[in-house]
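Atom set for the values below is all heavy atoms of this structure, side chains included, hydrogens, waters and symmetry mates excluded. Given the structure is predicted, the values throughout are model-derived calculations rather than measurements. Lettering of chains follows the sequences in order, A, B, ..., and the numbering in each one begins at 1.
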Amino acid sequence: MASPYSLSWADAPPYHYHGRPQPAPDSPASSDGAGPRSLWIGGLLPWMDEDYLYGCFTTSRELLSLVIKRNKQTGQSEGFGFLKFSDHTAAAHILKSYNGQKMPNAVQDFKLNWATQQPAPKKLPDPDFKLDLATQQERHAAVDSSSDHSIFVGDLAYNVTGYMLHHVFKARYPSVKSAKIIFDKFTGLSKCYGFVQFGDVDEQIQALTEMNGAYCSTRPMRIGPVPKKKSAYATV
DNA sequence: GTTGAGCGTT
């Protein structure tokens with residue numbers, strides 16, 4: 001008999017193991033390694049401390065430091081932190097290979113992005129600071145554009161990850177850009193719903209009807225339109 | 001039954 005948990009279609013992520021020793025990062029021609037070197041990591045659960053994160057990235061010798069932001073009064077993790085690497089290339093590699101992959105001993109995926117650089121204390125901004133502004137603008141643009149062509153996916157099983165959801169939709173709709181599961185910040189458990197973002201509006205509309213009732217893992221999904229995100233700030 | 005998450009200290 002087949003295992004009820006056969007999730008072969010949501011197989012292990014491709015980039016998870018870095019078995020080969022990597023060349024020393026001491027290449028003097030580091031001009032091509034220029035650029036941002038800090039990553040932001042979010043979606044952390046309260047129990048995920050520095051040791052846990054170091055354990056996640058032991059294969060990266062370019063990881064210089066790691067910090068989790070904590071509430072100064074309570075000492076509780078604020079759910080995000082920063083990873084600093086010795087060069088841009090290493091950081092970019094970690095971002096690409098880890099982002100969206102499943103976190104060890106947790107149900108959720110790594111949520112990584114470029115960090116906004118140090119909040120420039122009381123100095124005049126360097127010319128390099130433009131880079132940071134550009135990065136920020138890119139990020140905001142990405143957020144803004146993420147509101148279009150999304151669908152709501154409910155009735156998900158608890159074990160469905162963003163990776164699985166993405167896979168199920170991407171198989172039918174090539175324009176799928178992203179899929180995300182909403183997790184409870186404190187328990188880390190799935191809230192059993194998520195969002196899938198399409199690049200093509202026609203595929204979005206098709207999916208609204210075609211994927212309603214389709215199975216992901218053990219349950220039929222319920223598809224719905226996404227209401228406008230609460231726009232706290234009017235476009236005035 | 002269900003409608004979202006985001007950037008630090010020296």
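A:I41 has its CD1 atom 18 Å from the P atom of B:dA5, to the nearest Å. Atom P of nucleotide B:dG6 and atom CD1 of A:I68 are separated by 16 Å, given to the nearest angstrom. In this structure, CG of A:L44 is placed 12 Å from C1' of B:dA5, rounded to the nearest angstrom. Atom CG of A:L39 is separated from atom P of B:dC7 by 16 Å (rounded to the nearest Å). Here B:dG4 presents its P atom at 21 Å from NE2 of A:H149, a figure rounded to the nearest Å. Remark: P of B:dT9 and CG of A:L66 are 15 Å apart, rounded to the nearest angstrom. One atom, NZ of A:K84, and another, P of B:dT9, lie 13 Å apart when rounded to the nearest Å. Distance CD (A:Q108) to P (B:dA5): 12 Å, rounded to an integer number of Å.
Partners of A:E78 according to the salt bridge (Lys or Arg N to Asp or Glu O under 4.0 Å) rule, which considers only residues two or more places apart in sequence or in another chain, do not exist here.
An aromatic stack links A:F82 and the base of B:dG8, using centre distance under 5.5 Å and interplanar angle under 30°.
The side chain of A:N113 lies closest to B:dC7 when the candidates are B:dC7, B:dG8, B:dT3. Nearest nucleotide to the side chain of A:V226, out of B:dT3, B:dG6, B:dG8: B:dT3. Between B:dA5, B:dT9, B:dT3, one nucleotide has an atom nearer to the side chain of A:F152 than all others, and that is B:dT3. Relative to the side chain of A:Y193, the nucleotides B:dA5, B:dT3, B:dT9 differ in distance, and B:dT3 lies closest. Side-chain proximity of A:I182 to B:dT9, B:dC7, B:dG4: nearest is B:dG4. Closest to the side chain of A:W40, out of B:dG6, B:dT3, B:dG8, is B:dG6.
Between the side chains of A:S150 and A:Q197, no donor-acceptor pair is found at a separation under 3.5 Å.
A:F80 comes within 4.0 angstrom of sugar-phosphate atoms only, judged by non-hydrogen atoms across all strands, and of no base.
The shortest side-chain heavy-atom distance between A:L39 and A:F82 does not fall under the 4.5 Å cut-off.
Here ring pair (Phe, Tyr, Trp, His ring centres under 6.0 Å) pairs that include residues 53-78 of chain A, with residues two or more places apart or in two chains, are A:F57-A:Y98, A:F57-A:F110.
Taking CG from A:L66 and CG from A:D51, the interatomic distance works out to 9.5 Å, rounded to the nearest 0.5 Å.
For a distance-only test at 3.5 Å, the side chain of A:K180 qualifies as a donor-acceptor partner of the base of B:dA5.
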